[in-house]
> 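Have a look at this one before I ask anything.
Given the structure is predicted, the values throughout are model-derived calculations rather than measurements. In the text below, chain A, chain B and the rest are named by the order of the sequence lines, each starting its count at 1.
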There are 2 protein chains.
Amino acid sequence: MTGLSPSPTRRQKVEQREAAILRAAQAIFIEHGYDGARMADIARRAGMAEGTIYIYFKTKIDLMKAIVANFWSDLTIGARAAGRLEGSALLALRSLAEFHMQALIEQFEVIELTQSLRIFAPGETDSRQDMRIYVAVFDDIYRRGIDRGQFCEATPVWVARDLFYGTLEYSARTMRLRGSEDTGLVIDILVDVFEARFGVSETGQPAFEAGEYKRFAERFEAALERLESLPDTRS
Amino acid sequence: MTGLSPSPTRRQKVEQREAAILRAAQAIFIEHGYDGARMADIARRAGMAEGTIYIYFKTKIDLMKAIVANFWSDLTIGARAAGRLEGSALLALRSLAEFHMQALIEQFEVIELTQSLRIFAPGETDSRQDMRIYVAVFDDIYRRGIDRGQFCEATPVWVARDLFYGTLEYSARTMRLRGSEDTGLVIDILVDVFEARFGVSETGQPAFEAGEYKRFAERFEAALERLESLPDTRS
DNA sequence: GTAAATTATGAGTGACAATCATTCAAGCCG
DNA sequence: CGGCTTGAATGATTGTCACTCATAATTTAC
């Protein structure tokens, strides 16, 4: 331990160097991928010797973990803001979907780095934890929807969450491959599905259970037919 | 070139050795991950010298590519069989979903290797191609459903495909993390969504367009109310 | 101003993929 | 059997790169 308060200029210097390393590393990792990135290149780009990096980050993997953790915590802040819409939970979900899709497409390089982490540091709990926190933003909105009677309680939250993030993630990946970036359609249909399948009718029951819509439509048609065949007794 | 027909025993030997390398490599890759696997270990396990492997596979990445390609082509055969169910396209989709989910969970180690490939051999088209062929099994079933009037034409196939595979893949991943393996619920709900959102009513229109179900329900309720307030004119 | 403590440096080390000169064995013909 | 040809097998060697550590530079303390 040094004195109780090391000079602020010193602390600032340390923070600046750490930030410089992170900036340089992110650029090099994105450019060459995790294993293609050489620590020597990162050091040169950050304007310091190779050994210096090891004072700030114990290993190459630790360096990457820090980058990825920063990324997800920033993203979580954005997602919370996007989901804080007042009004129906469905609108908040649409807003979250738009934010998420945008991030997946614009910052896909960093998200690929996240996947590299899974491969190079298997069994790590930290990075999973970051994602879990991010993904919980959905849960909050969905639960709010249940509380307000906008979503049915019958479906476990995790199924809805898997459908939500799974569809968006897969779609973003295939969009990148196709070069298309028309995120509107998937989001429309996804929100639609949430409305139709997880939404709640006035009675507090799910709008439609499995196969229910068909029976519903049949009753509707039959009832209408009968109604229309009757004489009008009004006025 | 040797003579027109090199002795079969020789050719067989070569094939056996290639198979031995692939078997050993798959085991070592799964055990230690791509970068954790040492060529020396693979060679020892296959019962040959390190240099010998390089006669059969130009690089470590090529070796992995071969393993992954074999895996996907086997899986495609299974998926085609699962989707060849007669009867409704919806049943075929359910069967495909069950097969896919089973594979994702049981053979997740190999699927993780596929993801390693993306990271260690970026920009490779081969492995993408394998997956594209596999994924096309869905397209065939879905198009058959459209032809037979079981699915509406309004939704592009790719959106339905993204929703299908995205949900299953994401769900399989989170199930692994949770340790649960109850695939039934997700599949039920997914098939349900396909029926409710992409299914076709008798009129050839989608069962429910965006927001449509709400207007439908309102008309239904209003009509029923009116019907019930009328005197019964029968008998 | 100088000793003590902290931080920076880059040549050096070990691990590992990939190479290649050399050894080995199978098939073929007399 | 025994030389001859051709392709396969070998493992010591090379090159690369993450990481270390003895030393140098710089800052702090008194």
> Classify every nucleotide of nucleotides 15-21 of chain D by which part a protein heavy atom approaches to under 4.0 Å, writing B for the base, S for the sugar-phosphate alone and - for neither, in 5'-to-3' order.
--SSBB-
> Could you state the atom-to-atom distance from CG of B/Asp62 to C1' of C/dA17 in whole Å?
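Those two atoms, CG and C1', are 13 Å apart.
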> Does a salt bridge link A/Arg144 with A/Asp147, judged by any charged N lying under 4.0 Å from a carboxylate O?
no
> For B/Ile42 and D/dG11, what is the distance between atoms CD1 and P respectively, to the nearest whole Å?
17 Å
> In whole angstrom, what separates A/Ile53's CD1 from C/dT7's P?
17 Å
> Take atom CD of B/Glu18 and atom P of D/dA8, then tell me their distance rounded to the nearest Å.
12 Å
> Take the protein atom CD1 of B/Ile55 and the nucleotide atom C1' of C/dA25, then report the distance between them rounded to whole Å.
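From B/Ile55 CD1 to C/dA25 C1': 13 Å.
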> Heavy atoms only, 4.0 Å cut-off, all strands: where does A/Phe57 land among base, sugar-phosphate and nothing?
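Nothing: the residue A/Phe57, judged by heavy atoms under 4.0 Å, touches no strand.
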> Considering only NZ, NE, NH1 and NH2 on the basic side and carboxylate oxygens on the acidic side, decide whether B/Asp140 and B/Arg80 come within less than 4.0 Å.
no
> May I ask you to say whether A/Arg118 pairs ionically with A/Glu124, meaning some side-chain N is under 4.0 Å from a carboxylate O?
no
> Before we go on, tell me: are the rings of A/Phe120 and A/Tyr34 under 6.0 Å apart, centre to centre?
yes
> Is there a side-chain polar atom (N or O) of B/Arg17 under 4.0 Å from OP1 or OP2 of D/dA9?
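So the side-chain polar atoms of B/Arg17 do come within 4.0 Å of the phosphate oxygens OP1 or OP2 of D/dA9, strictly under.
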> Grab the CZ-P distance between B/Arg44 and C/dC16 for me, whole Å please.
11 Å
> Tell me, which pairs form a ring-ring contact (aromatic ring centres under 6.0 Å, His included) where one or both residues lie in residues 70-90 of chain B, sequence neighbours left out?
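Residue pairs passing ring-ring contact (aromatic ring centres under 6.0 Å, His included), neighbours aside: B/Trp72-B/Tyr134.
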> Whole angstroms only, please: what is the CD1-C1' distance between A/Ile21 and C/dT7?
12 Å
> Hey, are B/Glu112 and B/Arg176 close enough for a salt bridge, meaning a charged N less than 4.0 Å from a carboxylate O?
no
